[in-house]
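Side chains included, hydrogens not; waters and symmetry mates left out as well; all remaining heavy atoms used. None of the values given here were measured: they were computed from a predicted structure.
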Amino acid sequence: MDTVETEARALLGATLTHDGVSVRITEVEAYGGVGDPASHAARGPTPRSAIMFGPPDVLYVYLSYGMHHCANVVVGKDGDASAVLLRAGEVVAGIELARIRRGTDVPDVRLARGPANLTRALGLALAHNGAALAGPEVVLRRPAGPAAAVSCGPRVGVSQAADVPWRFWLTGDPTVSAYRRSPRAGTPDAARG
DNA sequence: CGCAGGATTTGCT
DNA sequence: GCAAATCCTGCGG
């Protein structure tokens with residue numbers, strides 16, 4: 001339970017609840033601190049990334065491309081800037097509310113597929129940045145034991161250190177996105193579990 | 001004060 | 001498969 005990598009794996013199968021919707025986490029990405037060029041904390045603490053340097057078990061929410069929200073779980077002890085991006089999940093409660101937020105024509109397995117879609121299904125926004133995972137607003141219920149089958153592969157959407165296999169997902173789970181490859185098609189996926 | 005870029009998603013060709 | 005939408009953050013001057 002020391003590395004962000006381990007923390008990321010441990011979050012698979014966890015259930016995150018907010019505002020009437022619960023999502024079982026099926027896909028995550030690990031982000032290191034200062035040593036990880038792809039992390040928001042790569043160049044030291046900034047107003048935005050400061051929350052990552054604080055105590056763990058809080059939410060780190062940020063706005064991407066001016067329109068999408070992404071949610072992270074801050075891990076590691078105080079002073080450590082590690083975080084785990086929540087990329088996809090399965091809606092296990094409040095599915096009707098999630099469907100309203102995402103659109104009635106969205107298939108169930110896609111309700112929380114993709115980091116921005118997951119936050120939208122949960123109703124998370126910038127206002128929840130720094131929210132404690134122990135509640136009352138946001139509740140994270142960690143799984144009793146480690147996930148049975150976990151696959152790993154390179155991170156998606158990052159232009160730095162994309163070769164580091166710090167993306168984890170539950171093998172074979174239908175809510176996990178087989179996301180598009182990087183611009184360079186033909187790159188070996190290496191993502192098999 | 002101004003500029004460049006981003007942990008994405010969606011829709012059209 | 002490609003390109004646009006859209007705004008906040010971080011850095012340089």
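The phosphate of B:dG5 has neither OP1 nor OP2 within less than 4.0 Å of any side-chain N or O from A:R48. Taking side-chain N and O atoms only, A:R43 has a distance below 4.0 Å to OP1 or OP2 of C:dC11. Dashed line: the shortest gap from a side-chain N or O of A:S64 to OP1 or OP2 of C:dC8 is not under 4.0 Å.
Partner of A:E29 under the salt bridge (Lys or Arg N to Asp or Glu O under 4.0 Å) criterion, out of A:R87, A:R9, A:R155: A:R87 alone.
Screening residues 50-69 of chain A for side chain to side chain donor-acceptor pair (under 3.5 Å), with sequence neighbours left out, gives A:H40-A:Y60, A:D57-A:R142.
Environment of CZ in A:R110: sparse, with no more than 12 heavy atoms of neighbouring residues, nucleotides or ligands closer than 6.0 Å.
Computed from coordinates, the A:R101 CZ to B:dT9 C1' distance equals 19 Å when rounded to whole Å. One can place CZ of A:R110 at 11 Å from P of B:dG11, the figure rounded to the nearest angstrom. Atom P of nucleotide B:dT8 and atom CG of A:L85 are separated by 8 Å, given to the nearest angstrom. At whole-Å resolution of the value, CE in A:M52 and P in C:dG10 are 11 Å apart. For A:N72 and B:dT8, the CG to C1' distance is 14 Å, given to the nearest whole Å. One can place CZ of A:R87 at 9 Å from C1' of B:dT8, the figure rounded to the nearest angstrom. The distance from atom NE2 of A:H69 to atom C1' of B:dG6 is 15 Å, rounded to the nearest whole Å.
Through side-chain heavy atoms spaced under 4.5 Å, either directly or across other Ile, Leu, Val, Met, Phe, Trp or Tyr residues, A:Y31 is tied to A:L85, A:V158.
With 3.5 Å as the limit, one finds a donor-acceptor pair spanning the side chains of A:S151 and A:T171.
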message: Assess the residue pair A:R24 and A:D173 against the criterion (salt bridge (charged side-chain N to carboxylate O under 4.0 Å, His left out)); give the C-alpha distance rounded to whole Å, side-chain angles, the decisive distance to 0.1 Å, and a yes or no.
response: CA-CA 11 Å; A:R24 172 171 159 268; A:D173 195 291; 3.5 Å; yes
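Judged purely by atom type and a 3.5 angstrom limit, A:R167 has no side-chain atom pairing as donor or acceptor with the backbone of A:G153. Checking side-chain atoms of A:N129 against main-chain N and O of A:V61 turns up a donor-acceptor pair under 3.5 Å.
For A:Y65, whose side chain is taken as the heavy atoms from C-beta onward, the closest listed nucleotide among B:dT8, B:dT9, B:dA7 is B:dT8. For A:R102, taking side-chain heavy atoms from C-beta onward, the closest of the listed nucleotides B:dA7, B:dT10, B:dG6 is B:dT10. Taking the side chain of A:L63 as heavy atoms from C-beta on, and the options C:dC7, C:dT9, B:dA7, the nearest nucleotide is C:dC7. Distances from the side chain of A:V158 to the nucleotides B:dA7, B:dT10, B:dG6 place B:dA7 closest.
The two atoms that bring A:A162 and A:P154 nearest to each other are O-CB, 3.0 Å, heavy atoms only.
Along DNA chain C, the nucleotide nearest A:H68 and the nucleotide nearest A:L126 are compared for position; the residue whose nucleotide lies closer to the 5' end is A:H68.
In the region residues 31-40 of chain A, proximity to DNA chain B at under 4.0 angstrom, judged on heavy atoms, holds for A:Y31, A:A38, A:H40.
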field: Bracket notation of DNA chain C in which parentheses pair within the strand, [ ] cross earlier pairs, and | pairs with another strand (Watson-Crick or G-U, under 3.5 Å)
entry: |||||.||||||.
So which protein nitrogen or oxygen atoms get under 3.5 Å of nucleotides 1-3 of chain B's nitrogens or oxygens?
none

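A single hydrophobic cluster is not seen to contain both A:V84 and A:M52; linkage of ILVMFWY side chains at heavy-atom distances under 4.5 Å, directly or through other members, places them apart. Both A:L133 and A:I25 belong to a single network of hydrophobic side chains, linked directly or stepwise wherever heavy atoms of I, L, V, M, F, W or Y lie under 4.5 Å apart.
Partners of A:D163 under the side chain to side chain contact (heavy atoms under 4.5 Å, CB included) rule, at least two apart in sequence or in another chain, are A:A161.
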